[in-house]
Asker: 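So that we are looking at the same thing, I have put the structure below in structure tokens.
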There are 2 protein chains.
Amino acid sequence: MNKPGQQVISRLRQMILSGDLASGQRLAEIPTAEQLGVSRTPVRIAFRTLEQEGLLTKLSGRGYIVRQVTQAEISGSIEVRGVLEGLAARQAAENSLSNEQKHELLTLLRQGDDLFVKGSIDEQDLALYHDINQRFHQIIIEASLNPAIAEALSRNEHLPFASVSALAFDQNNLAQEYRRFNFAHMQHHAVFDAITNGQGSRAEAIMREHANATHGYAKTFSKMEESGEKMQVLNNVNSAL
Amino acid sequence: MNKPGQQVISRLRQMILSGDLASGQRLAEIPTAEQLGVSRTPVRIAFRTLEQEGLLTKLSGRGYIVRQVTQAEISGSIEVRGVLEGLAARQAAENSLSNEQKHELLTLLRQGDDLFVKGSIDEQDLALYHDINQRFHQIIIEASLNPAIAEALSRNEHLPFASVSALAFDQNNLAQEYRRFNFAHMQHHAVFDAITNGQGSRAEAIMREHANATHGYAKTFSKMEESGEKMQVLNNVNSAL
DNA sequence: TTTTTATTTATTGGATCCAATATAGATGAA
DNA sequence: TTCATCTATATTGGATCCAATAAATAAAAA
């Protein structure tokens with residue numbers, strides 16, 4: 001099913017998002033093609049695609065570099081995510097959820113409850129909650145019945161910083177992360193409550209606030225990148241925490 | 001300055017946005033390349049670029065078609081534009097405008113005032129107001145100091161329906177259009193007032209409402225497209241009316 | 001020593017060839 | 001007549017060649 005050309009794009013995207021290709025690193029067509037074992041053609045297309053996704057920056061005549069982002073850009077991107085996911089929550093409330101959607105969201109909320117009754121959190125819990133979180137947001141975006149939201153998010157979603165800010169966590173401070181994730185889970189409950197009660201404005205406000213909760217990580221991420229450190233990252237996500 | 005490859009993309013984009021290539025029309029690489037007088041390579045890249053911009057839809061094994069959009073998609077896209085431009089207005093208010101920005105916005109508002117004291121409108125006025133409007137929105141987006149907003153908008157902005165809905169007007173009902181544009185102009189005044197007074201929330205609310213004013217055109221556009229008609233279009237714009 | 005200019009080199013962009021693939025049409029059997 | 005299968009054709013995807021271009025470097029003049 002997977003076409004080789006798409007694989008080149010995916011592989012490069014993965015290498016960027018995972019940090020294997022550091023921010024600012026230069027990429028030329030010929031060495032990249034040799035490294036991936038393909039010709040220049042698919043690499044050329046991949047570079048252009050990734051440039052459009054905002055992962056690469058073109059240097060005229062000297063190939064591409066992995067896009068470098070400032071802390072201000074990270075924060076701005078989080079704000080954009082906030083209004084888009086807020087709109088999704090509003091429209092989901094206005095359209096009402098299907099029974100299946102309502103049921104799956106309830107199941108996800110219950111799984112989260114089980115996680116947080118323990119009073120502490122480890123890396124495995126984080127990975128699990130990451131999946132729960134991702135699915136929770138995905139359902140609401142789908143329930144908005146507005147494909148333009150997903151389209152607009154898909155741009156942000158691929159940005160390395162957005163990805164990182166959404167799923168990064170400080171493994172040296174699990175107690176703090178427990179509080180953060182627990183609070184996020186309570187916000188999920190509140191969003192669900194607002195949506196199922198048809199309170200579009202309230203759902204929008206809570207969801208926007210929820211997305212903005214990752215702002216602190218923009219700062220942390222920038223600092224770590226300056227010092228060459230890498231944040232702990234679970235994998236790629238498509239939604240704010 | 002213009003590279004030939006970029007020209008192929010621009011030309012195709014223009015043909016789509018102007019309606020020369022009708023919605024749903026099929027495009028293959030070889031005929032398109034011959035028609036444009038280039039080889040398949042730049043056309044291939046252009047097709048992929050335009051697909052990512054949302055202008056083309058890929059048919060596996062049979063090339064591309066000019067993307068077809070439903071009325072619901074148009075409305076959804078207007079909502080997305082609304083929250084993004086609303087966010088821009090809020091952040092512009094929070095950051096405060098530069099003196100240059102404030103001055104240019106005032107000049108634009110005054111030009112609009114001059115237009116609407118006449119009490120009626122013709123096509124030339126519409127073209128002029130279109131430019132004023134576009135620049136007005138552009139300045140606010142710049143003043144937000146949030147490049148992610150422009151990035152997110154640039155996706156929507158290229159969609160044929162978004163473009164049409166933003167700048168279309170009914171040339172058979174100029175009296176109605178006069179009222180609509182006049183009201184939009186008053187909203188511009190209100191947005192400017194809120195921004196310069198540092199009222200971020202108010203600026204956001206007005207701007208969002210302002211963007212949503214184009215909703216009626218989604219319906220009109222869909223109807224006209226069904227019947228094969230083309231709406232009167234000034235040229236491409238990058239902002240809501 | 002500094003600045004300008006010329007030359008080399010690295011790198012992308014376009015054209016074309018060949019291979020892979022999917023669709024459409026034709027042919028045959030039920 | 002209808003369905004399945006096979007074949008032919010249209011079309012994209014990848015590889016490679018050549019040309020254009022921009023950057024880096026070397027050389028020469030001020």
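Chain naming here is simple, since letters A, B, ... match the order of the sequence lines and numbering starts at 1 in each.
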Asker: Determine to 10° how strongly the helix from C:dT1-D:dA30 to C:dA30-D:dT1 is bent, judged from the axes of its five-pair ends.
Answerer: 10°
Asker: Under 4.0 Å between a side-chain N/O of A:S39 and OP1 or OP2 of D:dG14, yes or no?
Answerer: no
Asker: In Å, rounded to the nearest 0.5 Å, how long is the span from OG1 of B:T49 to CD1 of A:I45?
Answerer: 9.0 Å
Asker: Whole-Å distance between D:dA10 P and B:L27 CG?
Answerer: 18 Å
Asker: Restricting to ring pair (Phe, Tyr, Trp, His ring centres under 6.0 Å), what partner residues turn up for B:F192, sequence neighbours left out?
Answerer: none
Asker: Pull out every protein N or O sitting under 3.5 Å from an N or O of nucleotides 17-20 of chain D, one pair per line with the distance.
Answerer:
none

Asker: Can you check whether B:T41 has a side-chain N or O nearer than 4.0 Å to OP1 or OP2 of C:dT16?
Answerer: no
Asker: D:dG14, C:dT12, D:dA23: which one has an atom nearest the side-chain heavy atoms of A:E29?
Answerer: C:dT12
Asker: Write down the distance between CG (A:L36) and C1' (D:dG14), rounded to a whole number of angstrom.
Answerer: 14 Å
Asker: Reckon A:I45 touches a base, only the sugar-phosphate, or nothing at all at heavy-atom distances under 4.0 Å?
Answerer: nothing
Asker: Tell me the interatomic distance from A:R62, atom CZ, to C:dG13, atom C1', rounded to whole angstroms.
Answerer: 18 Å
Asker: Using side-chain heavy atoms (C-beta onward) and a distance below 4.5 Å, is B:L108 in contact with B:H188?
Answerer: no
Asker: Output the single nucleotide from D:dA24, D:dT12, D:dA22 whose closest atom is nearest the side chain of B:K58.
Answerer: D:dT12
Asker: Could you state the atom-to-atom distance from CG of A:L56 to P of C:dT12 in whole Å?
Answerer: 12 Å
Asker: Excluding sequence neighbours, so at least two apart, what forms side chain to side chain donor-acceptor pair (under 3.5 Å) with A:Q111?
Answerer: none
Asker: Whole Å only: how far is the CD atom of A:E34 from the P atom of C:dT12?
Answerer: 12 Å
Asker: Go through the structure and list residues passing side chain to side chain donor-acceptor pair (under 3.5 Å) with A:R40, not counting sequence neighbours.
Answerer: A:E29
Asker: Looking only at the side chain of A:P42 (C-beta and beyond, no hydrogens), which of the listed nucleotides C:dG13, D:dG14, C:dA22 gets closest?
Answerer: D:dG14
Asker: For A:Q25, what residues pass the side chain to side chain donor-acceptor pair (under 3.5 Å) criterion, not counting sequence neighbours?
Answerer: none
Asker: Whole angstrom is fine here: how far is it from CG in A:L59 over to C1' in D:dA22?
Answerer: 12 Å
Asker: For B:Y64 and C:dT23, give me the distance from atom OH to atom P, rounded to whole Å.
Answerer: 14 Å
Asker: If you define the side chain from C-beta out and look only at heavy atoms, does anything of B:L145 sit under 4.5 Å from B:Q91?
Answerer: no
Asker: Between B:R90 and B:E94, is the closest basic N to carboxylate O distance under 4.0 Å?
Answerer: yes
Asker: For A:Q138 and A:R135, test the side chains for any donor-to-acceptor distance below 3.5 angstrom and give the result as yes or no.
Answerer: yes
